[in-house]
Structure formats: C-alpha cells, structure tokens
A.B. asks: 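Okay, here's the structure, questions in a sec.
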Amino acid sequence: MRIWRAIVTFVVAVSAIASAHAQGSISKLPRRETLIVENPEGTIKNAGWFNIWAINAGGQSTGLHQLAMDTFWYIDPQRGLDGVWDNSLASEKPIYNADFTEMTVKLRQGIFWSDGKEFTADDVVYTIQTHMKTPGLRWSAAVQVNVADISAPDPYTVVFKLKKSNSRFHALFTVRWNAMWMMPKHVFEKAGDLLKFAFDPPVTLGPYVLHSYDPNGKWFIWQKRQDWQRTTVARFGEPGPRYVAYIDPGPPDKRVIAQLNHELDIIHDTSPEGMFTLAKQSKTSHSWFKGFPYAHPDPTLPAVILNNQLDMFKNRDVRWALALLIDIKAVSMASYRGAATISAIGVPPTGSHPEYYHAPLESWLKDFELDTGKRKFKPYDPTLGRQIADMLRPSMTEQIPSDPEEINRAFGRGWWKPNPQAAQELLERAGFTKRGERWFMPDGKPFTIRITVEGELRPVMTRAGSMIAQQWRQFGIDATTIVAQGSLVDRRNAGDYEAIISWSVETWGGHPDLSFFLDSWHSQFVAAPGKAQPPRNWQRWSSPELDRIIEQIRQTGFDDPKGLELGREYVKLVVREMPTIPLMSYNVFTVMDDTYWTGYPSAESAPYTDPVPNWANTKYMMVRLKPRQ
C-alpha cells in the first residue's frame, strides 16, 4: 500500500525533529482500525495551529471541526440519525421570548472536555464574552453585532440578551458545514494573546483527540477518546474507527489510484472521469447514488452570478434573455458529463428541498409566463431532467434510473427551454440592438460579457462557464471566460467581475428554512460599487419585495410553517427577476471504499447524513461505521 508506506517512511524520517507530534508513529497504527480520509484543504501551511477561533493558516477540515469540536445544535443536510435536528451540547431547542430579543439555552449535562473538565455554562459565557471584547476572532463580528449581554443563572442554563429581534440567532450555533464552536474556558483564560495561541494539542469536546500530525501539514491523525461515552455522540453509540487519518492524497488521479489500492477509504471529491473509473474498476467503491450520477448533491447552488450593479445587468429583461440562451443539457454534459442535478429555481435540489420547494412549485413553474413585449410564452420545460437521463441511457444503460421520481432526485426536474427568439425580443425591449452578427448595448458599445471561472481548481464549474460563454457567443454576444485561479473568491467578494460561476445560495439542506443565506441578501448588506461585499449576496442585487420577505422571516419562528410560505415567495420573486441564473447543485464525487469499513451513508439505503467528509456532520458517520470482518 504505497501511500501508507510513504507516510510511514516520512514519519521515520522526521521523528528526530517531530517526536512530540508523531509519538507512536503511523507504522504502528492497525490498518483495520484506521479510517483514512482525504482532507480537501490539501497540505496545511500552519499545521500546528488548532485555535479554530483565530485564523492563522491552520486547517479546519483536518478532523478538527469534524471530530474535536462541538456546539449547541446540528442540522443534517440529509435525514439525520434521529431526525434532521440534533440537540448536541444543548439539551433542547433554543427558547426565545415573544419578540425574539432573548434566547435561552439549556445545556446537556454530563459532557466533559478530553482533559477531564466538565463542560458547563461557564465555557459558553467565556466563549461569548471573549468574542465580544476581542476583534479579529472568527465569530467576533457576528457576536458583537447581535449580543448585548450573556448570563448563566445556573451551570446548565445560558441566557443571551440580543441587541435587536433575531429569530434566527441560534443559527450562529447550529452546524450546517460548521458553526461557532465552544471554547474551553480553563485552557484559554490562561493562554495570553488569543490571536497568537496555537492550542496545540487541542482539548476536545468531540469523541476524538489528536494523536499526531505531520509538521509539514500532509496528515493529521485522531484517536478515539477512552471516555467517548462522555461526549454528545454517545447517545447514538460508539464511533467505529479507533483512529481517523486526514491526509493530502494529491490531485484527482492520485486519489483514484490510492482508492484502487485500498489506501484511501474516503475520497472527498474527484473528477467525473475519476468517479467513472472507480465505478468501473473497483467493486468495493461506491458514492452517494449506487449508479449514475453517483455524486452527492450538496445544499449549494452554483449559478451564473451577474453583477447587478453594472448597467448592462440592471434590467431583468437582459438577465432573462441570457437565461433563455443557455442549453442546460449541454451545460450538464460539459461540466459533469451528465452527472448534474439541475435546478431552475433559487434553491438547490437536494436534502428536503425537492419535497418543500421543487415539487410543490412545479405547477406554478409550468404556468409561469414571460412577456417579451411582442408575445407571452411559458419558458419552463418540465422534461429537461428526464431528457438528460434519456441522453445518457444508451451508453450508461441500466445505471440510469427509469422511475420518474428517481430521475427527479438524481438529475433534477425541469429548466428553461432555450429560446433565442424570445431572448432577442427581450434584449430589443431593453434597448439593445443587433448589427450584423453582433449585439450592442443601449449606449452603442458592444455587448461584452466576461465570465470569471476558477480554472483547474474547480474544473466542473470552469467547464460550465466555458459552455455558457460559447452559447452566448453563438447568439452574437462577445462572451469569453477569464480564469481567476486562486483569486476567484477575492474577486467575487470585491465585485471585480461581470459574471461569475459561483454560488450565493447555501441552505441547511435538511430543513426548509432559507435564512442561512437569505438574510444576507437584504439591501442593508449590499456594498457600494468597488467595496467588499459581505457574504453572501455576491450578485449585489436588492429589491423592496425581497426586503419585505426577509424582514417577515426575521419575525417568524424557525419551525413556523409561515417561514416555508415566505421561502416560496422568495423563489417566485427570483424566478421573475432572475438576479442570478441557477444551474444545478454542487455535486461532490465523494467515493467510499468498503474494503475496511461498512456503514457509509447512501441515497438509497442509508441517507442519514452527507458523506462529504469535510462537513462537521461527519461525526455522526463515525458511529455508523463498523470494521469489515
């Protein structure tokens, strides 16, 4: 097993200088008790930095937030072990007063830090007060904006007094991918400057402790706590793996080779081509779906994000014209080789959302009309997901589902039917003109669009952008792509783009509430042109109607059915206005090998959590994993 031997060789080589970090050496770890996972962050620059509250080039997905941290609540992007919502450090759901200006948290008793100190309200109060008075910590801004005061009437009760009504304040402490983690007061109060404190080794609340790590950041190994029964996952059973190793296995082709050799139990993500290779060559490898399209659809919505502060995109006729020039079938084939889950609406087609949004709004979408000024027509084609499946069936045969609901779940439902004639009529109504084969804007300048993509760092999205640029170009728009490898996020946040392939929609997945991203779309957060945009309204679009929806959600309880009604109002609004052009969910080719471990989540038989291993929800996977006998 080449990767395993390579890691062992490296440990021996550095043992003289890193014995404090590699005691016991990896060569002594029993393979059948060790889960090997890809760390999608790759090689960590500051490997010894475990202070997750202060940002200093350390890693989060090294197992730190998956296995070592804990907070009040988790919402699973799938069904969860015992329902979508889990009370973790809290013993029950958040308790708000009538006007949502106060939140009470009841803490679970009998939970201990890995050094034997009990977790109590003192840790919570310390965590919040530290963020209130220490700018620069990861969650300082969110705490300082919201919290007026915090108190602990007893060791297992905490009361937050808020500066203003906020029915979603608990989201700060509710894990989707991560959340605000609790700090061990007895450790950090003695640490001095918290922005310089490495927290090495970390004292943990989760079921694992740090065993060893590579000072050069290539691997991190965690060991199951002897007292795992005193952690919050004990309610669901004992974690299966005794050791969990998070490693940097290299680029996609090397990840595939490693799993073919049974040296990598979980690939975080590979290319569609890598997935197809594993499906064909490895009888023990599988992904979220047992067949095509294999990948797990994350509760994230890649889209063509248009910079709505640019004059050329301020008119919704222009935005809709661009949408009607996209052939989603071609985009699916170019980006994911057909393994995409498409979505015409501003909600990703994953988790509970097909049940709460896509299916209930299907009839509305079928009846939805656009008026080009010359005619009215219905742009929605409910068969496009099925058409993609049918395109793939001759080559993929029985791997393509035939049941309509399975097709909807795997490939999505409908999308907008390409309509160049309607696009032309909309552009003409907006004052655009076509001379010869080229389109010109109302000011007489050529209609030019540069689509920013991330290059080889995210090839699936890059291929989608290239295909869309080609489709716009064929219509006469001067459209090209710009590769911003390593700088896409900075350019997106600064508004330094015209159009960009990215996402501004991230949802809970397992819960229908949309406030996880939607609150940030309020006009109060839209930055002036040239200024940095706070997350997540990268399209810099605002609407009085959207503000009204958001403000009503702020005054509505998290589980109140009215919140779902307001979410559907948002969906209809963004269909009409098209501030971004939704494409598909972000499908992750997480591949799991059954050689040493069984019990992984899957769409068909065990949809209890997201299999993508950098999510903090991974801790729930650990209690289902069992060694193969």
A.B. asks: Are Glu577 and Lys572 close enough, and set up right, to give a salt bridge (charged side-chain N to carboxylate O under 4.0 Å, His left out), and what steps lead you there?
C.D. replies: CA-CA 9 Å; Glu577 296 292 332; Lys572 294 177 181 179; over 6 Å; no
A.B. asks: How far apart are the closest heavy atoms of Leu325 and Pro420, and which atoms are they?
C.D. replies: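 Heavy-atom minimum between the residues: CD2-CA, 4.0 Å.
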A.B. asks: Can you tell me how far apart CD (Glu425) and CG (Leu370) are? Round to the nearest 0.5 Å.
C.D. replies: 11.0 Å
A.B. asks: Are Phe432 and Phe447 an aromatic pair by the rule of ring centers under 6.0 Å?
C.D. replies: yes
A.B. asks: Going from CZ on Arg429 to CG on Asn315, what distance comes out if it is rounded to the nearest 0.5 angstrom?
C.D. replies: 8.0 Å
A.B. asks: For the pair Lys329 and Asp390, find out whether any cationic side-chain nitrogen is under 4.0 Å from an anionic carboxylate oxygen.
C.D. replies: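 Not counted as a salt bridge, because no side-chain N and carboxylate O are separated by less than 4.0 Å.
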A.B. asks: So, for Leu392 and Phe292, which heavy atoms are closest and what is the spacing to 0.1 Å?
C.D. replies: CD1-CE2, 3.2 Å
A.B. asks: Just one of Arg450, Lys445, Arg473 clears the salt bridge (charged side-chain N to carboxylate O under 4.0 Å, His left out) bar with Asp478, so which one?
C.D. replies: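 Exactly one option meets the salt bridge (charged side-chain N to carboxylate O under 4.0 Å, His left out) with Asp478, and it is Arg450.
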A.B. asks: Verify the neighbour count for atom CD of Glu369: are there more than 12 heavy atoms of other residues, nucleotides or ligands below 6.0 Å?
C.D. replies: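 Enclosed: over 12 neighbouring heavy atoms sit under 6.0 Å from CD of Glu369.
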A.B. asks: Looking only at heavy atoms, which two atoms of Ser285 and Ser282 are closest? And how far apart?
C.D. replies: OG-OG, 2.9 Å
A.B. asks: What about His511 and Phe516, are their ring centers closer than 6.0 Å?
C.D. replies: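 No, they do not, as the ring centres are separated by 6.0 Å or more.
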A.B. asks: Take Lys254 and Asp248, measure what salt bridge (charged side-chain N to carboxylate O under 4.0 Å, His left out) needs, and give me the verdict at the end.
C.D. replies: CA-CA 10 Å; Lys254 291 188 177 180; Asp248 177 6; over 6 Å; no
A.B. asks: Side chains of Asn537 and Ser504: do they bring a donor and an acceptor to under 3.5 Å?
C.D. replies: no
A.B. asks: Suppose we call two aromatic rings close when their centres sit under 6.0 Å apart. Are Trp615 and His65 close by that rule?
C.D. replies: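 Between Trp615 and His65, the centre distance exceeds or equals 6.0 Å.
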A.B. asks: I need the minimum non-hydrogen distance between Val526 and Ser542, along with the two atoms involved.
C.D. replies: CG2-CB, 4.2 Å
A.B. asks: Could you go through the salt bridge (charged side-chain N to carboxylate O under 4.0 Å, His left out) check for Asp594 and Lys283 one step at a time?
C.D. replies: CA-CA 9 Å; Asp594 285 334; Lys283 294 182 179 179; over 6 Å; no
A.B. asks: May I ask you to say whether Asp381 pairs ionically with Lys417, meaning some side-chain N is under 4.0 Å from a carboxylate O?
C.D. replies: no
A.B. asks: Short question: side chain of Asp547, backbone of Ser523 - any donor-acceptor pair under 3.5 Å?
C.D. replies: yes
A.B. asks: Kindly state each residue pair satisfying salt bridge (Lys or Arg N to Asp or Glu O under 4.0 Å) with at least one member in residues 302-313, sequence neighbours excluded.
C.D. replies: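 Only Asp311-Lys314 qualify under salt bridge (Lys or Arg N to Asp or Glu O under 4.0 Å).
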A.B. asks: Pairing donors with acceptors under 3.5 angstrom, does anything connect the side chains of Ser585 and Asn587?
C.D. replies: yes
A.B. asks: For the pair Gln259 (side chain) and Leu264 (backbone), establish whether a donor and an acceptor sit closer than 3.5 Å, ignoring hydrogens and angles.
C.D. replies: yes
A.B. asks: Under the 3.5 angstrom rule, does the side chain of Ser515 hit a backbone N or O of Leu518 as a donor-acceptor pair?
C.D. replies: no
A.B. asks: In the structure I gave you, are the side-chain heavy atoms of Trp472 and Ile449 within less than 4.5 Å of one another anywhere?
C.D. replies: yes
A.B. asks: Establish, from distance only, whether the side-chain atoms of Ser287 and His296 form a donor-acceptor pair under 3.5 Å.
C.D. replies: no
A.B. asks: Please round to the nearest 0.5 Å and tell me the distance separating atom CZ of Arg458 and atom CG of Leu488.
C.D. replies: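 Reported to 0.5 Å precision, the distance equals 8.0 Å.
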A.B. asks: Any side-chain to backbone donor/acceptor pair from Gln309 onto Ala527? Under 3.5 Å, distance only.
C.D. replies: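 Side chain of Gln309 to backbone of Ala527: a pair is present.
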A.B. asks: State, yes or no, whether a side-chain contact exists between Met592 and Val37 at a heavy-atom distance under 4.5 Å.
C.D. replies: no
A.B. asks: Which of these passes side-chain hydrogen bond (donor to acceptor under 3.5 Å, both in side chains) with Asn308: Arg540, Arg316, Gln539, Arg319?
C.D. replies: Arg319
A.B. asks: Without swapping roles, check the side chain of Glu38 against the backbone of His268 for a donor-acceptor pair under 3.5 Å.
C.D. replies: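 A pair under 3.5 Å: yes.
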A.B. asks: Would you compute the distance between atom CG of Asp317 and atom CE of Met578 and round it to the nearest 0.5 angstrom?
C.D. replies: 12.0 Å
A.B. asks: Given Met584, which of Ser335, Pro348, Ser332 fulfils the side chain to side chain contact (heavy atoms under 4.5 Å, CB included) condition?
C.D. replies: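 Result for side chain to side chain contact (heavy atoms under 4.5 Å, CB included) with Met584: Ser335.
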A.B. asks: Indicate the ring-plane relationship of Tyr570 and Trp521, choosing parallel, tilted or perpendicular according to the 30° and 60° boundaries.
C.D. replies: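 Ring orientation, 0 to 90° scale: perpendicular.
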A.B. asks: What's the spacing between Ile342 CD1 and His358 NE2 if we round to 0.5 Å?
C.D. replies: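 The distance works out to 9.5 Å.
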A.B. asks: Pairing donors with acceptors under 3.5 angstrom, does anything connect the side chains of His262 and Asp593?
C.D. replies: yes
A.B. asks: Given Arg168, which of Asp559, Asp513, Asp519 fulfils the salt bridge (charged side-chain N to carboxylate O under 4.0 Å, His left out) condition?
C.D. replies: Asp513
A.B. asks: So which atom in Leu426 and which in Ala321 form the shortest heavy-atom distance, rounded to 0.1 Å?
C.D. replies: CD1-N, 4.0 Å
A.B. asks: Distance alone, cut at 3.5 Å: any donor-acceptor contact between the side chains of Gln281 and Thr277?
C.D. replies: no
A.B. asks: Could you report the tightest heavy-atom contact between Asn419 and Ala422, atom names first, then the distance?
C.D. replies: OD1-N, 3.0 Å
A.B. asks: Say whether, by atom type as modelled, one donor and one acceptor occur between the side chain of Trp415 and the main chain of Ser343 under 3.5 angstrom.
C.D. replies: yes
A.B. asks: List the steps, then state whether side chain to side chain donor-acceptor pair (under 3.5 Å) holds for His286 with Ser602.
C.D. replies: CA-CA 9 Å; His286 62 90; Ser602 66; over 6 Å; no
A.B. asks: With a distance cut-off below 6.0 Å to the six-membered ring centre and an angular limit of 45° from the axis, does Arg492 pair with Tyr497 as a cation-pi contact?
C.D. replies: no
A.B. asks: Does the ring of Tyr608 carry Arg624 above it, NZ/CZ under 6.0 angstrom from centre and within 45° of its axis?
C.D. replies: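 Yes; both conditions hold, so Arg624 lies above the ring face of Tyr608.
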A.B. asks: In terms of side-chain geometry, is the basic nitrogen of Lys434 or Glu428 positioned less than 4.0 Å from the acidic oxygen of its partner?
C.D. replies: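 Here Lys434 does not pair with Glu428 in a salt bridge, since their nearest N and O are not under 4.0 Å apart.
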A.B. asks: Parallel, tilted or perpendicular: which describes the rings of Tyr380 and Trp416, with under 30° parallel and over 60° perpendicular?
C.D. replies: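 Perpendicular, since the angle between the ring planes exceeds 60°.
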A.B. asks: Going by atom types only, do Thr609 and Asn617 share a side-chain donor-acceptor pair under 3.5 Å?
C.D. replies: no
A.B. asks: Keeping the roles fixed (side chain from Trp439, backbone from Phe475), state whether a donor-acceptor pair exists under 3.5 Å.
C.D. replies: yes
A.B. asks: To the nearest 0.5 Å, what is the distance between CZ on Phe276 and CZ on Arg337?
C.D. replies: 8.0 Å
A.B. asks: For residues Glu506 and Trp177, determine if any side-chain heavy atom of one lies less than 4.5 Å from a side-chain heavy atom of the other.
C.D. replies: no
A.B. asks: Once the angle between the rings of Tyr620 and Tyr74 is folded into 0 to 90°, is it parallel (under 30°), tilted (30 to 60°) or perpendicular (over 60°)?
C.D. replies: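 Ring orientation of Tyr620 relative to Tyr74: perpendicular.
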